[in-house]
Amino acid sequence: VVTYNSLIYGLCNSGLWEEATKLFNDMVGKGILPDVITYNSVVHGHCSSGQWKAAIRFFDEMIERGLSPNVVTFTILMDALSKEGEIREAHQLLEVMIQRGEEPDAISYTALMDGYCLAGQMDDALKLFHSMVSRGLKQDDYCYNALINGYCKTKRLDEAMRLFEEMNHRGLKPTVITYSTLLAGLCQVGQVDDAQALLNEMIDQGHSPNIITYNSLIHGLCNSGMWKEAMDFFNDMLGRGLTPD
RNA sequence: GUUCUCGGCAUCGAAAG
């Protein structure tokens, strides 16, 4: 079943549904029953290509076959709902899983928090962030990044920077994603000097800005009409050997 | 050496809705 799971995961991630279905039937024919991981792979594949109906079809089928959705299954669905902006539904799933005795983990919480962050509902996101502690879950760099992104999107750079410092204090290492998020936020509100300083700090800390980092910077600057500064970063990027896309 | 297979965070675009 591990062999089939690996193959089906790969095929679903590439959107090769026909091939995946063939293997799926193949394994059943050989007496190897798809398990919760098989179904999770298929459901996730459909979710990440926006095929919500198909995802639900497999979710239902899985239950019909007597398999219990686990924390990963629920997180896949919550993540998909969050990204679609159906946060109310996503949050309901969190309640459902708790009622069923499936313990949500940090990944589940981040998926839902990200939904609130993308929707700009920062107080709801914060509530979840705090409830992680009461559930004994560790607040990791992923969930800090999601929150920071939310504050950047809502142009509350003070809060975003506060969280950035908090995560440093707690020994969590900011990643290239953390820096890119903040740089984009700073540029969008016109704090170009702060962005420049942070970029320098990032490099000092041994993180190389990538193409997305520069795209974020340039996009933020152009968005606020600062095309000159954007050109500076563009040249900077070329100087670092990055190829614009 | 957290090691058989599944889930969470950043830019833009396309598709879908």
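Below, read A as the first sequence line, B as the second, and so on, with proteins coming before strands; counting in each chain starts at 1.
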Backbone N or O of A:I203 within a donor-acceptor pair of the A:H207 side chain at under 3.5 Å? no
In terms of side-chain heavy atoms, does A:D140 have a donor or acceptor partner in A:Y144 at a distance below 3.5 Å? no
Tell me which residues in residues 63-73 of chain A put a heavy atom below 4.0 Å from RNA chain B, sorted by number, or none. A:V71, A:V72
side-chain hydrogen bond (donor to acceptor under 3.5 Å, both in side chains) test vs A:S180 passes for just one of A:N210, A:T175, A:T213, A:N145, namely A:T213
Step by step, would you call A:D141 with A:T178 a side chain to side chain contact (heavy atoms under 4.5 Å, CB included)? CA-CA 8 Å; A:D141 50 338; A:T178 320; 5.7 Å; no
Stems in RNA chain B, runs of 3 or more consecutive Watson-Crick or G-U wobble pairs with both distances under 3.5 Å, sorted by first number, are none
What is the distance from CG of A:D35 to C1' of B:U5, rounded to the nearest Å? 8 Å
Can you sort out the partners of A:Y151 under ring pair (Phe, Tyr, Trp, His ring centres under 6.0 Å), two or more places apart, ordered by chain and number? none
Examine the side chains of A:D79 and A:S82 and answer whether a donor and an acceptor come within less than 3.5 Å of each other. no
Give the residues of residues 38-48 of chain A touching RNA chain B, defined as any heavy atom closer than 4.0 Å, sorted by residue number. A:N40, A:S41, A:H44
Return the polar atom pairs (N/O with N/O) between nucleotides 13-17 of chain B and the protein under 3.5 Å, or none.
none

List the atom pairs, with distances to 0.1 Å, where a side-chain N or O of residues 46-67 of chain A and a protein N or O form a donor-acceptor pair under 3.5 Å, not counting sequence neighbours.
residue, atom, partner, partner atom, Å
A:H46, ND1, A:V42, O, 3.1
A:S48, OG, A:H44, O, 2.8
A:S48, OG, A:G45, O, 3.4
A:S49, OG, A:G45, O, 2.9
A:S49, OG, A:H46, O, 3.4
A:E61, OE2, A:Y39, OH, 2.7
A:E61, OE2, A:R65, NH2, 3.4
A:R65, NE, A:Y39, OH, 3.4
A:R65, NH1, A:Y39, OH, 3.4

Round to a whole Å and report the spacing from CG of A:L217 to P of B:C12. 13 Å
How many whole angstroms separate atom CG of A:L81 from atom C1' of B:G8? 14 Å
Any side-chain heavy atom of A:I8 sitting closer than 4.5 Å to one from A:F24? yes
Would you check if A:P104 and A:R135 make a side-chain contact, meaning some heavy-atom pair closer than 4.5 Å? yes
Taking NZ, NE, NH1 and NH2 as the nitrogens, is one of them in A:R162 or A:D158 under 4.0 Å from a carboxylate oxygen of the other? no
Which residues pass the side-chain contact (heavy atoms from CB on, under 4.5 Å) test with A:N70, not counting sequence neighbours? A:V36, A:N40, A:V72, A:T73, A:E102
Looking at A:D105 and B:G7, is any side-chain donor or acceptor paired with a base atom of the opposite kind under 3.5 Å? yes
Might you list the N or O atoms of the protein lying below 3.5 Å from N or O atoms in nucleotides 9-11 of chain B, with each pair's distance?
residue, atom, partner, partner atom, Å
B:C9, OP1, A:K83, NZ, 2.6
B:C9, O2, A:N145, ND2, 2.5
B:C9, N4, A:Y142, OH, 3.4
B:A10, O4', A:T181, OG1, 3.3
B:A10, N1, A:N210, ND2, 3.4
B:A10, N3, A:S180, OG, 3.3
B:U11, OP1, A:K153, NZ, 2.8
B:U11, O4', A:S216, OG, 3.0
B:U11, O2, A:N215, ND2, 3.2

Near RNA chain B, under 4.0 Å by heavy atom, which residues of residues 7-24 of chain A? A:Y9
side-chain contact (heavy atoms from CB on, under 4.5 Å) partners of A:N149, counting only residues at least two apart: A:L118, A:K153, A:T181
When you compare the side chains of A:Y116 and A:K127, does any donor N or O come within less than 3.5 Å of an acceptor on the partner? no
Please identify each residue that fulfils side-chain contact (heavy atoms from CB on, under 4.5 Å) with A:E86, with sequence neighbours left out. A:L81, A:E84, A:E89
Considering only heavy atoms from C-beta outward, does the side chain of A:L94 approach that of A:L128 to under 4.5 Å? yes
Listed partners of A:Q99 passing side-chain contact (heavy atoms from CB on, under 4.5 Å), at least two apart: none
Nearest 0.5 angstrom please: A:L186 CG to A:S216 OG, how far? 11.5 Å
Do NZ/NE/NH1/NH2 and the carboxylate oxygens of A:K22 and A:D26 come within less than 4.0 Å? no
